[in-house]
Every structure is written in C-alpha cells, then in structure tokens.
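What follows is a short report on a single structure.
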Amino acid sequence: QVQLVESGGGSVQAGGSLRLSCAASGYTVNSRSCMGWFRQAPGKEREGVAGLYTGFSRILFGSAYYADSVKGRFTISQDNAKNTLYLQMNSLKPEDTAMYYCATGAGYCGNWADYNYWGQGTQVTVSS
C-alpha cells in the first residue's frame, strides 16, 4: 500500500527557510513517474507547488516544475536511497502559509491534475 508521510513543517518568520520531507513506502519512487508538493491555504483550493520526474527516463531525469509563485525560492529534490522527496523552501513569505502535501502520480509532472495520491500534510506557517 502506498504511503506518503510528510514532515518538516513549522512556524517561521518571513524570509526564513524550511525543508519539508516526504517518506514514501509501499513502492519505490522510481516506479511512479512523478512526485510533487501541493499546498492548501484556508479558504483556498489546493494548488500545485513543485513537481519532479522520478521515473527511469534518462532524458527526463531531474526535470522539475514549479508554480510561478515559488520559482527561485523553492527547490524540489529526491533521495532514491531513502525513498524520500524534499522541498527546500527559502525566502518564505506569509502567503506561503498553508498545509503542504506530498503527492505522487504518472504522466506529465508539470500537470498538477496528473497527481492522484496525497499524504496527510504538514503545516507551514510564515509570520510577517
């Protein structure tokens, strides 16, 4: 059974950094072509933040996709040995406050609709 467990959330001041982790179990990250991060703020719809190609294609290896709002500030990465996905978040802003979810899917990793399985989330709060 696929399980995604997020960790690393917390409260920081604007301009600070956090690193989120997503431990995957029940499958290896290479067996599904996409892993990514989504977020949902109170009263708003869930939105895609970052996606990463995690399949076996050498051409697509390392392909990452970001929402415009986080480009240049967030970095998505993976550690295959640990079956873990990361999201390094720098220069955090109050508008980054949300519940952050790890997700996996197949298809085009920059198409947020291609993700179909999410973890339980970890809260990120950025104060001004």
Side-chain angles (χ1 to χ4, degrees):
Q1 183 178 353
V2 174
Q3 277 197 319
L4 301 172
V5 180
E6 303 92 337
S7 62
S11 297
V12 296
Q13 290 192 329
S17 297
L18 282 173
R19 187 195 196 201
L20 304 183
S21 299
C22 171
S25 61
Y27 78 108
T28 58
V29 294
N30 292 132
S31 65
R32 292 178 68 88
S33 58
C34 302
M35 288 194 75
W37 291 95
F38 288 69
R39 68 186 181 187
Q40 187 169 19
K44 295 188 177 181
E45 292 187 356
R46 184 166 53 193
E47 62 175 353
V49 174
L52 181 69
Y53 178 78
T54 56
F56 293 101
S57 169
R58 292 183 179 182
I59 296 175
L60 295 176
F61 179 79
S63 296
Y65 309 85
Y66 297 95
D68 289 342
S69 58
V70 306
K71 281 180 181 177
R73 300 188 298 122
F74 290 11
T75 302
I76 189 171
S77 62
Q78 68 178 98
D79 184 331
N80 286 342
K82 296 181 179 178
N83 226 32
T84 299
L85 183 75
Y86 301 100
L87 184 68
Q88 178 67 44
M89 305 186 296
N90 298 328
S91 302
L92 282 162
K93 304 175 181 180
E95 51 263 44
D96 294 318
T97 295
M99 184 71 78
Y100 282 72
Y101 299 89
C102 177
T104 184
Y108 173 55
C109 303
N111 180 11
W112 310 127
D114 282 352
Y115 292 81
N116 57 4
Y117 195 89
W118 292 268
Q120 295 301 306
T122 185
Q123 178 67 38
V124 172
T125 302
V126 184
S127 58
S128 58

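Along the sequence shown, residues carry numbers from 1.
- Shown here are the side chain to side chain donor-acceptor pair (under 3.5 Å) partners of Gln88, two or more places apart in sequence or in another chain: Asn90.
- Hydrophobic clustering places Trp37 together with Val12 (ILVMFWY residues linked when any side-chain heavy atoms are closer than 4.5 Å, directly or through intermediates).
- Considering OG of Ser128 and CD of Gln13, their distance stands at 9.0 Å, rounded to 0.5 Å.
- The two atoms that bring Gly48 and Trp112 nearest to each other are CA-CD2, 3.6 Å, heavy atoms only.
- A search for side-chain contact (heavy atoms from CB on, under 4.5 Å) contacts involving Phe61 returns nothing, not counting sequence neighbours.
- Under the ring pair (Phe, Tyr, Trp, His ring centres under 6.0 Å) criterion, Tyr65 pairs with Tyr108, sequence neighbours left out.
- Under the side-chain contact (heavy atoms from CB on, under 4.5 Å) criterion, Gln123 pairs with Thr97, Met99, Thr125, not counting sequence neighbours.
- Within the structure, the ring pair (Phe, Tyr, Trp, His ring centres under 6.0 Å) test picks out no pair touching residues 81-107 (sequence neighbours left out).
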Just do the side chain to side chain contact (heavy atoms under 4.5 Å, CB included) check on Leu4 and Met35 with the steps written out, would you? CA-CA 10 Å; Leu4 301 172; Met35 288 194 75; 3.9 Å; yes
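- Under the side-chain contact (heavy atoms from CB on, under 4.5 Å) criterion, Lys44 pairs with Ala41, sequence neighbours left out.
- There is no path of hydrophobic side-chain contacts, each under 4.5 Å, that joins Leu20 to Val5.
- Looking at heavy atoms from C-beta onward, Arg73 lies in side-chain contact with Asp96 at the 4.5 angstrom threshold.
- Taking the side-chain contact (heavy atoms from CB on, under 4.5 Å) definition, one finds that Ala14 meets it with Pro94, Val126, sequence neighbours left out.
- When hydrophobic residues (I, L, V, M, F, W, Y) are linked wherever their side-chain heavy atoms come within less than 4.5 Å, the members clustered with Leu60 are Tyr53.
- Ser69 is linked by a side chain to side chain donor-acceptor pair (under 3.5 Å) to Arg39, counting only residues two or more places apart in sequence or in another chain.
- Counting only residues at least two apart or in different chains, salt bridge (charged side-chain N to carboxylate O under 4.0 Å, His left out) contacts with residues 109-122 are absent.
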Intermediate values then yes/no, side chain to side chain contact (heavy atoms under 4.5 Å, CB included), Phe74 and Leu92: CA-CA 9 Å; Phe74 290 11; Leu92 282 162; 3.8 Å; yes
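- Closest approach of Gly51 and Tyr115 over heavy atoms only: CA-OH, 3.3 Å.
- Taking all atoms of both residues into account, the shortest heavy-atom contact from Tyr66 to Ile76 is OH-N, 2.9 Å.
- Annotation: the span from Leu87 atom CG to Leu52 atom CG amounts to 10.5 Å, rounded to 0.5 Å.
- Screening residues 50-128 for disulfide bond (SG atoms under 2.5 Å apart), with sequence neighbours left out, gives Cys22-Cys102, Cys34-Cys109.
- Here the shortest heavy-atom pairing between Thr84 and Ser21 reads CG2-CB, 4.3 Å.
- Two residues are said to be in side-chain contact when any heavy atoms from C-beta on lie closer than 4.5 Å; Thr104 and Leu85 fail this criterion.
- In terms of modelled atom types and a separation under 3.5 Å, the side chain of Glu6 and the main chain of Gln120 share a donor-acceptor contact.
- For Arg19, the side chain to side chain donor-acceptor pair (under 3.5 Å) criterion is met by no residue, not counting sequence neighbours.
- Comment: Asp68 engages Lys71 in a salt bridge, judged by a side-chain N to carboxylate O separation of less than 4.0 angstrom.
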